[in-house]
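Structure record follows, encoded as structure tokens.
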Amino acid sequence: MRHLIDIKDLSLEEIQELIKTAKDIIANPNKYCEKCKYKKLATLFFEPSTRTRLSFEAAMMELGGNVLGFSEANSSSTAKGESVSDTIRVVGCYSDIIAMRHPKEGAPLVASLKSTVPIINAGDGGHNHPTQTLTDLLTISIEKQRLDNLTIGLCGDLKFGRTVHSLITAMSRYKNIKFVLISPDELKIPEYVKEEILEKNNIEYVETTDIEEHISELDILYMTRVQKERFFNEEDYLRLKDYYILNKEKIKNAKKDLCIMHPLPRVNEISTEVDDDPRACYFKQARYGKYIRMALILKLLEIK
Ligand code: NCD
């Protein structure tokens, strides 16, 4: 039985296969509409979510399966003191696959050790978010037609932004990738990501606080929200939350085929005036998330 806890749980060949399946689903949705008949997906969300949970649920429905679950910890037995491991053991009796989001780093890994059904990490604290990364890879593959030879700017909360950590891990396995890491000093990428991913794999990167300094070099600009829920004090959040606001002026020197991404939700970090720019890909990105999750469900349930 396979789980998806970390993006590295998938080989590059497997990621390629998932992207291929997702593209086939986009082209031929009818072929897939009964693939998961009589199967159930449980979504256990101990933290807020819109896109991830609903795209998982829509994905299972479009495969002809059913969904059950909860969207806040307080409506489950967690409120009575039940452990994650016990919850997972029980939910495995009622479902064939589980997508789980938890504020504690490592909770989905712990869950997977006790689970009788595949576990998908739908975000664990400030750590990882592998299915957002699959979404991002599908987006890049469709919008740029390649996953190598890219200069990728990551901007915003690189410290707490789990989508950034998983994306760096994934992209570091492709050829000729360069990163421009744009953040306030307090929200720089964690040392472990630098040491264990970037430096270990000899990946070229620069760190800067200035979004305009490298904008003309970028093929992808991945904006992120300052992760309010991970701050210890509100003052710091208020001081940093509007540090970057991407607007038309700031992208005037960017490449014509720049791909502007954002895992969403957006707060203020991209001005709505950018939404009409043909380079804005973030709403398409959200749409692609459903298709790659369909492909992932099929893979983990071993359905051809
Ligand atoms: C992201 C997350 O939950 O980490 N959202 C998402 O899943 N699309 C990004 C965020 O919350 O800022």
Side-chain angles (χ1 to χ4, degrees), residues 1-43 45 49-69 95-101 117-123 128-148 150 163 166-167 170-171 173-174 220 222 259 261-264 280-304:
M1 184 179 49
R2 294 281 301 272
H3 306 286
L4 177 63
I5 305 301
D6 186 297
I7 193 67
K8 278 185 302 201
D9 296 343
L10 295 167
S11 68
L12 285 187
E13 293 71 36
E14 286 176 312
I15 288 176
Q16 208 40 53
E17 193 191 299
L18 287 172
I19 290 175
K20 196 171 151 214
T21 305
K23 288 178 178 172
D24 192 51
I25 295 171
I26 295 172
N28 308 291
N30 291 342
K31 233 167 85 182
Y32 293 86
C33 66
E34 295 207 325
K35 291 272 184 201
C36 285
K37 211 170 165 187
Y38 308 123
K39 297 284 185 195
K40 291 187 281 306
L41 163 79
T43 51
F45 277 64
S49 169
T50 301
R51 269 148 298 272
T52 306
R53 186 171 63 85
L54 297 186
S55 68
F56 261 116
E57 296 187 355
M60 193 50 156
M61 288 175 189
E62 290 194 22
L63 291 167
N66 289 304
V67 295
L68 66 165
S95 61
D96 302 287
I97 184 165
I98 297 173
M100 167 186 173
R101 169 172 288 187
V117 302
I119 298 287
I120 301 171
N121 177 6
N128 276 327
H129 194 347
T131 66
Q132 180 62 47
T133 296
L134 289 174
T135 301
D136 301 340
L137 296 178
L138 175 63
T139 305
I140 296 169
S141 162
I142 293 175
E143 299 299 321
K144 306 296 302 178
Q145 272 110 48
R146 64 182 192 274
L147 287 165
D148 50 13
L150 293 164
T163 63
S166 293
L167 185 59
M171 292 309 301
R173 295 197 285 179
Y174 294 94
I220 291 166
Y222 194 96
C259 174
M261 298 172 65
H262 191 310
L264 304 178
C281 293
Y282 29 95
F283 289 111
K284 282 194 256 181
Q285 188 184 352
R287 208 167 72 81
Y288 297 144
K290 180 182 71 183
Y291 300 111
I292 200 79
R293 289 183 172 99
M294 289 171 79
L296 179 66
I297 291 169
L298 290 173
K299 178 174 177 62
L300 295 180
L301 290 178
E302 296 177 23
I303 295 171
K304 286 266 161 323

Does the side chain of His129 come within less than 4.5 Å of Thr131's, by heavy atoms? yes
Could you walk me through whether Ile15 and Arg173 pass side-chain contact (heavy atoms from CB on, under 4.5 Å), step by step? CA-CA 11 Å; Ile15 288 176; Arg173 295 197 285 179; 3.4 Å; yes
Heavy-atom check, side chain of Leu10 versus side chain of Leu134, under 4.5 Å: yes
Nearest 0.5 angstrom please: Asp9 CG to Ile120 CD1, how far? 11.5 Å
Could you pull out the closest heavy-atom pair between Ile5 and Asn121, with the gap in Å? O-ND2, 2.9 Å
Side chain to side chain contact (heavy atoms under 4.5 Å, CB included) partners of Phe283, counting only residues at least two apart: Leu264, Arg266, Asp275
Tell me, do Tyr32 and Asp24 make a side-chain contact under 4.5 Å, heavy atoms counted? yes
Determine whether a donor-acceptor pair (N or O, by modelled atom type, separation under 3.5 Å) exists between the side chain of Gln285 and the backbone of Thr135. no
Got Pro118 and Arg2 here, is their nearest side-chain heavy-atom distance under 4.5 Å? no
How long is the span from the CD atom in Glu143 to the SG atom in Cys281, to the nearest 0.5 Å? 4.0 Å
Okay, side chain of Arg101, backbone of Ala122: is any donor-acceptor separation there less than 3.5 Å? yes
Should Met171 and Tyr222 count as side-chain neighbours, where that means a heavy-atom distance under 4.5 Å? no
Taking side chain as C-beta onward, heavy atoms only, is Thr139 less than 4.5 Å from Lys144? no
Ignoring hydrogens, what is the shortest heavy-atom contact between Asn128 and Pro130? Give both atom names and the distance. C-CD, 3.8 Å
I'd like to know if the side chain of His3 and the backbone of Ile119 have a donor-acceptor N/O pair within less than 3.5 Å. yes
Under 3.5 Å: donor-acceptor pair, side chain of Ser55, backbone of Thr52: yes
Show me the donor-acceptor pairs, under 3.5 Å and distance only, between side chains in residues 295-304 and residues at least two apart or in other chains.
{"unit_1": "Lys299", "atom_1": "NZ", "unit_2": "Glu14", "atom_2": "OE2", "d": "3.1"}

Please report the closest heavy-atom contact between Lys8 and Asp6, naming both atoms and the distance. N-OD1, 2.8 Å
Considering all heavy atoms of both residues, which atom of Pro263 and which atom of Thr163 are nearest to each other, and what is their separation? CG-OG1, 3.7 Å
The single option from Ile220, Ile7, Asp136 passing side chain to side chain contact (heavy atoms under 4.5 Å, CB included) against Leu167: Asp136
Going by heavy atoms in the side chains, are Ile140 and Tyr174 under 4.5 Å from each other? no
Carefully, step by step, assess Ser166 and Gln132 under the rule side-chain contact (heavy atoms from CB on, under 4.5 Å). CA-CA 8 Å; Ser166 293; Gln132 180 62 47; over 6 Å; no
Is the shortest side-chain heavy-atom distance between Leu137 and Leu18 below 4.5 Å? no
Closest non-hydrogen atom pair between Ile19 and Leu138, with its separation: CG2-CD1, 4.0 Å
Listed once per pair and sorted, the salt bridge (Lys or Arg N to Asp or Glu O under 4.0 Å) pairs that draw on residues 50-63, sequence neighbours left out: Arg53-Glu57, Glu62-Lys290
Just by modelled atom types, is the Lys40 backbone N or O under 3.5 Å from a matching donor or acceptor in the Ser95 side chain? no
Have a look at Leu41 and tell me which of Asn66, Ile97, Val117, Ile98 forms a side chain to side chain contact (heavy atoms under 4.5 Å, CB included) with it. Ile97
Testing the basics here: between Phe56 and Arg293, what is the closest heavy-atom pair and its distance to 0.1 Å? CE1-NE, 3.4 Å
